[in-house]
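Here's the structure, in C-alpha cells; my notes come after.
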Number of protein chains: 2
Amino acid sequence: MKDAHPTGPRVTLPHPAAKLPGSNPCAACAVRDRAICAVLDDSELEQLSGLARPSDLDVGRTVFFEGDDADSLYVLIAGALKLYKLLPDGRRQITGFLFAGDFLGLAFNEEYQFTAEALMPSRLCRLPRTKIEGLLPEMPKLASRLLNLAFTELASAQTQMLLLGRKTAQERLASFLLHLADRLAGQGDPVSLIHLPMSRADIGDYLGLTVETVSRGVTKLKSAGLIALRDGNYIQIQDRPGLEGVAGDL
Amino acid sequence: MKDAHPTGPRVTLPHPAAKLPGSNPCAACAVRDRAICAVLDDSELEQLSGLARPSDLDVGRTVFFEGDDADSLYVLIAGALKLYKLLPDGRRQITGFLFAGDFLGLAFNEEYQFTAEALMPSRLCRLPRTKIEGLLPEMPKLASRLLNLAFTELASAQTQMLLLGRKTAQERLASFLLHLADRLAGQGDPVSLIHLPMSRADIGDYLGLTVETVSRGVTKLKSAGLIALRDGNYIQIQDRPGLEGVAGDL
DNA sequence: CGATATCTTGAGGAATCTCAATACTAGTGG
DNA sequence: CCACTAGTATTGAGATTCCTCAAGATATCG
C-alpha cells in the first residue's frame, strides 16, 4: 500500500469565492442554492457565514483521517472527494464520493468514521461543529435539513450494501455509472457524459472489486456498445436502457 | 424465492405493556430508558404517549414493505426484526437486525427503503410520522437524539460496507458474531452467549454469503474452538481474542 | 412420531482475484 | 518538440474463494 497523504499545502482554485466588502460572503457562494444552505433565509445564512472558513485542497490531500476528533463540518464548494475506511492490512473500502454541494462530516459523534481525501483540487467551507450544534435548537430548518441529509445518506448506504452483498461485477459497474450520471445530472451537467475524477483502483475499492476486474468490466461494456471512453477520463453512456438492463435493478 | 409474508394476525406476548389507569403508559415501558425515550423528561414523554400505539407481530409478519408510504415510526419494545432489500430476481440483502429498544423507520422521507419483518414474536410502539415531525421544532432534545441515531446508523452502515466489500467469508462471520455479542451485551445479557433469532439463510443474506458458506464457516469456527453451539440457536463465544483475530479489524 | 423446514457436508464449477506483462497517459526535462 | 519517466490502465493465464447443485443429518412442530 502506498497510501500516505499527509494534510498539507494548499492550492489556488480558478474561481475563488467572491468576498464583497460589507456583504455576506455566503450569498455569492457557488453552492448557495444547494448544500445545507438552500433551506436557510438570508438572515440565517448571515449567522452561518460568520462561522464559515473556506479552504483549498490539492489532489491527494486529506481533509481529515478516520479516528480524528470530529470538530468540523464541511460543505464541498468545488472539486471532488473520496471517503474511505481501511483494514489494518491495507484493504480499503471507499464508502462514497463527494461532489460540489455535498455535505461532509455528517456523523458528528466523537470521531470521524472515515478518511476524506481530495480527488482533484477542491474547495471546502469549514464550519465548527459545536457552534453548529448550538445553533440547531434555534434553527429547526437547519436541524431538519441535516436530519433529511442523514436519512438520504442512510438510504444510499443501504442501496450500496445491496450492491456489495448481492450484485455481480458487471451489475456493480453498470449501477455505479448510472448512479454517477444521475448525480452529476442533478448538478446541470449533461446526463450521458460522465467525468470520472477517480482512478480505476478507486472504483474497485468503492465496488468491492479489484482494479483488473473493473478494467475488464469497462472493456466489456464498451465492446457491447453501452458506453464509450472519451479523453480525460470521461465516459459517455451510449445505451442507457441497455446499461440499466445490466445494472439489474431498474 | 419463497418470500411472501403478508402483514397479518397478531400474537399475544408474555409481557404486555402495562396500562395503569390515570398514568402515563410510556412510563412503564420496558424500553423507557433506552430507545429515543431515554432523552425525554416525564412531561415530554407524556406528550408522546398520547400518540403511541402498541402492536404485536408474529414471526414472519412484516411491519411494512419497501416502497410503502412512510407514515409511521416505530420503537421495538420486544422481539427482533430483520430489514431487507430485494432485487427483482429475488436476491436479498439484509441491511440490519433490530432488537428491543431499537428505533425503526429512520429514513422518513417519502417511502420506506426496506422491508421490516419479525424474526420472533415482537411488540412495536407505533408513532405517526407527521405528528412527530411537527413536534421536533419544540422538542430539540428529541430532534438531536434522532440526528444522533441517524449518525450512528450511518457509521454502522459504512462499517458494513467495509465488511461486504473487503472481508473474506470467515472474517465476515467472526465480525458478525462479535458485533452481535456487543449489541446484546449493551442490553444486559452476558457477553459470551449469543442468541441467534435469525436463520443461517438470514445471516448469509446479511453478510453477502450463501447459507452453505455460513454453515461451513460456523463449523470451522467451532472446530477451531473459538465458539460452541448451544441448544435453541445460541452460540457461545469461547475464545474472544481468537475470534477477534479472525475478524481481522480489531 | 411423522412431516417439514433448516442445517450440514460433499463435489464440482464459475466468478473473481492474483501475479505478470504490456500499453497507454501525463508530466518533465533536454 | 521529443524522449524519458512514473503512474495508470489493459490484457492474459493460472489460482482461489465462494457458489451451485445435491444428498444426508438434525431440529421443530403438530
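Below, read A as the first sequence line, B as the second, and so on, with proteins coming before strands; counting in each chain starts at 1.
- Taking atom CD on A:Glu212 and atom P on C:dT16, their separation rounds to 13 Å, with Å as the unit.
- Here the closest non-hydrogen pair linking B:Arg92 and B:Lys82 is NH1-NZ, 3.4 Å.
- Following rounding to the nearest Å, A:Arg200 (CZ) and C:dC17 (P) show an atom-to-atom distance of 16 Å.
- Across the protein-nucleic acid pair, B:Tyr234 atom OH and D:dT28 atom P stand 12 Å apart, rounded to whole Å.
- Atom CG in A:Asn233 sits about 16 Å away from atom P in C:dC24, given to the nearest Å.
- If A:Gly208 and A:Gly232 are placed on DNA chain C by their nearest nucleotide, the residue sitting closer to the 5' end is A:Gly208.
- Under 4.0 Å is where a charged nitrogen must lie from a carboxylate oxygen, and between A:Arg183 and A:Asp102 at least one such pair does.
- Residue B:Asp89 contributes atom CG, which lies 15 Å from atom C1' of D:dT20 at whole-angstrom precision.
- Residues A:Val218 and A:Arg166 each lie close to DNA chain D; by heavy-atom proximity, the contact nearer the 5' end of the strand is made by A:Val218.
- Put simply, CD on B:Gln158 and CD1 on A:Ile94 are 12.5 Å apart, with the number rounded to the nearest 0.5 Å.
- Applying the 3.5 Å distance criterion, the base of D:dT20 shares a donor-acceptor pair with the side chain of B:Arg216.
- The side chain of B:Thr210 approaches D:dT20 more closely than any other nucleotide in the set D:dT20, D:dC18, C:dC17.
- Between B:Asp249 and A:Arg91 there is no salt bridge, since no side-chain N of the basic residue sits under 4.0 Å from a carboxylate O of the acidic one.
- One finds no side-chain N or O of A:Thr219 lying less than 4.0 angstrom from the OP1 or OP2 phosphate oxygen of D:dT10.
- One atom, CD of B:Glu171, and another, C1' of D:dC18, lie 14 Å apart when rounded to the nearest Å.
- Taking atom CG on A:Asp202 and atom P on D:dT8, their separation rounds to 9 Å, with Å as the unit.
- Between A:Arg240 and A:Asp182 there is a salt bridge, since at least one side-chain N of the basic residue sits less than 4.0 Å from a carboxylate O of the acidic one.
- Between the base of D:dC18 and the side chain of B:Gln170 there is no donor-acceptor pair shorter than 3.5 Å.
- When the nucleotides D:dC18, C:dT8, C:dT16 are ranked by their closest atom to the side chain of A:Thr213, C:dT16 comes out on top.
- At the heavy-atom level, A:Ser215 lies under 4.0 Å from base atoms of the strands shown.
- Residues A:Asp231 and B:Leu229 each lie close to DNA chain C; by heavy-atom proximity, the contact nearer the 5' end of the strand is made by B:Leu229.
- Atom CG of B:Leu209 is separated from atom P of C:dT8 by 14 Å (rounded to the nearest Å).
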